[in-house]
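The structure appears right after this line, and notes come after that.
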Amino acid sequence: MKAVTILLLLASIATVLSAAFEDREKYGAIERRGGLAALSAEISAAQRPALESQNRAVERLERRGGIATLNAAVSAGELALKIQDRAVEVFNTLHGAKELHERTRSLELVVANGSPYTLQFAGEYFDSGTWYSQPAILIQPDDATVATVANRQGSWFTGVTGGMSWEIVGTGKYLTIGFTNPYAGSFKTWIGILNQASPKYGYDHAYDEYVKLVTTKGFNLIARLEDSGIADRRMVFAISEE
């Protein structure tokens, strides 16, 4: 009888131990899975900065691609042909621009529209100088306008400096540019997108004469200087959709 009782007791202990081992294996597996999840989270967190950096690099390449396309269009593409046509029209209107060349300071200002939106003239600001010939009121997509500015006739020791704004029709945004050809000082440009017409802002923020390549608020922008056949220099301002 005692032997049977002992056997039953041993069997009961074995059952308990077996269940305990099963539970331990089960919880161990859960712990291991939790560890893997934590490790996975660590790896993901470690990779995140690299992935974000890669995404930013791709975005920069895409933006540079858009800028490059716009630059090519202005340099030797359809917009370049439009700019040439508009410049010839202005040249003919000015009868060879002899008088413009005689001004102390002058600029040929080109606004090239490579975007799908119409640009509507929204105002100008002159800190010095004035129009010699004004731009078109509307610039249709894939077209350009050419204006000329100079120091005021009869003025002494003055240049031409200012800004212009163009409404990007249907967007609530304004293409804004700044230009300077002062009597004393250097050529300067600025180009940007504002939420209101503020040509003075363009003038106030103009700096140096180097090429400016900007991507902002869904648009690619270029401002650059070129030789001009009718003024001291030509300033080209161009826009395309990003």
Side-chain angles (χ1 to χ4, degrees), residues 71 74-76 79-113 119-139 143-166 174-192 197-214 221-239:
N71 197 39
V74 170
S75 299
L79 282 176
L81 296 175
K82 291 291 186 180
I83 291 170
Q84 182 179 352
D85 290 345
R86 301 295 175 253
V88 169
E89 289 172 4
V90 171
F91 183 81
N92 291 335
T93 301
L94 300 180
H95 304 292
K98 180 180 178 182
E99 186 181 346
L100 179 59
H101 270 304
E102 290 173 352
R103 295 289 181 96
T104 307
R105 293 290 184 270
S106 60
L107 288 171
E108 178 186 0
L109 303 177
V110 176
V111 180
N113 183 12
L119 302 182
Q120 181 169 335
F121 187 73
E124 81 276 9
Y125 169 81
F126 284 99
D127 184 68
S128 62
T130 187
W131 295 115
Y132 193 82
S133 64
Q134 296 187 359
I137 299 299
L138 298 176
I139 311 175
D143 203 349
T145 188
V146 175
T148 53
V149 293
N151 61 295
R152 292 183 181 277
Q153 193 168 17
S155 62
W156 294 87
F157 306 110
T158 62
V160 57
T161 58
M164 286 191 287
S165 285
W166 298 80
Y174 293 80
L175 171 66
T176 302
I177 68 173
F179 53 87
T180 76
N181 183 11
Y183 182 79
S186 60
F187 297 105
K188 297 177 184 178
T189 63
W190 189 83
I191 187 167
S198 182
K200 187 176 184 298
Y201 186 96
Y203 162 71
D204 288 337
H205 290 79
Y207 65 98
D208 71 45
E209 61 183 275
Y210 298 108
V211 174
K212 295 170 180 64
L213 307 175
V214 181
L221 308 173
I222 293 175
R224 71 186 196 196
L225 271 69
E226 300 178 351
D227 292 333
S228 172
I230 59 176
D232 293 341
R233 294 297 295 274
R234 169 190 282 178
M235 292 183 175
V236 177
F237 302 93
I239 179 175

- Rounding to 0.5 Å, atoms OH (Y207) and NZ (K212) come to a distance of 5.0 Å
- Nearest 0.5 Å please: distance from the CD atom of E226 over to the CZ atom of R234. 5.5 Å
- Contact summary for V90 and V146, nearest pair of heavy atoms: CG2-O, 3.5 Å
- Measure the CZ-OH distance between F179 and Y125 for me, rounded to the nearest 0.5 Å. 10.5 Å
- Message: Let's go through R103 and V160 carefully: what are the C-alpha distance in whole Å and the side-chain angles of both, what is the deciding distance for side chain to side chain contact (heavy atoms under 4.5 Å, CB included) to 0.1 Å, and is it a yes or a no?
- Response: CA-CA 10 Å; R103 295 289 181 96; V160 57; over 6 Å; no
- Are the side chains of M164 and F237 in touch, meaning some heavy atoms are under 4.5 Å apart? no
- Distance col, row I239:CD1 vs I222:CD1, nearest 0.5 angstrom, shows 11.0 Å
- Message: Between W166 and N113, is there a side-chain heavy-atom distance shorter than 4.5 Å?
- Response: no
- Query: So K188 and W190, side chain to side chain contact (heavy atoms under 4.5 Å, CB included) or not? Walk me through it.
  - Reply: CA-CA 7 Å; K188 297 177 184 178; W190 189 83; over 6 Å; no
- Item | CG-OG1 distance between L109 and T148, expressed to the nearest 0.5 angstrom | 8.0 Å
- The reported gap from CD in Q120 to CG in L138 (rounded to nearest 0.5 angstrom) is 5.5 Å
- Query: S75 and R224: side-chain donor and acceptor closer than 3.5 Å?
  - Reply: yes
- Message: Within the structure provided, determine whether N71 and V211 are in side-chain contact (heavy-atom separation under 4.5 Å).
- Response: no
- Query: Looking only at heavy atoms, which two atoms of T180 and S186 are closest? And how far apart?
  - Reply: OG1-O, 3.3 Å
- Query: Is the backbone N or O of R152 less than 3.5 Å from a side-chain atom of T130, with the two atoms forming a donor-acceptor pair by type?
  - Reply: no
- Query: What's the shortest heavy-atom distance between W131 and Q134, and which atoms?
  - Reply: CD1-NE2, 3.4 Å
- Residue pair I191 / A238: nearest heavy atoms and the distance that separates them: CD1-O, 3.8 Å
- Query: Do the side chains of I230 and Y132 get nearer than 4.5 Å, heavy atoms only?
  - Reply: no
- Hey, does R233 have a side-chain heavy atom less than 4.5 Å from the side chain of D227? yes
- What is the minimum heavy-atom distance between T176 and P199, and which atoms define it? CG2-CA, 4.2 Å
- Task: Measure across R105 and T158 and return the closest heavy-atom pair with its distance rounded to 0.1 Å.
- Result: CG-O, 4.0 Å
- Task: For D232 and S106, indicate whether the former's side chain and the latter's backbone hold a donor-acceptor pair under 3.5 Å.
- Result: yes
- Check: N151 and Y183 side chains under 4.5 Å, non-hydrogen atoms: no
- Flag side-chain contact, heavy atom, 4.5 Å: V110 against R86: no
- Item | Side-chain heavy atoms of T145 within contact of L119, under 4.5 Å | no
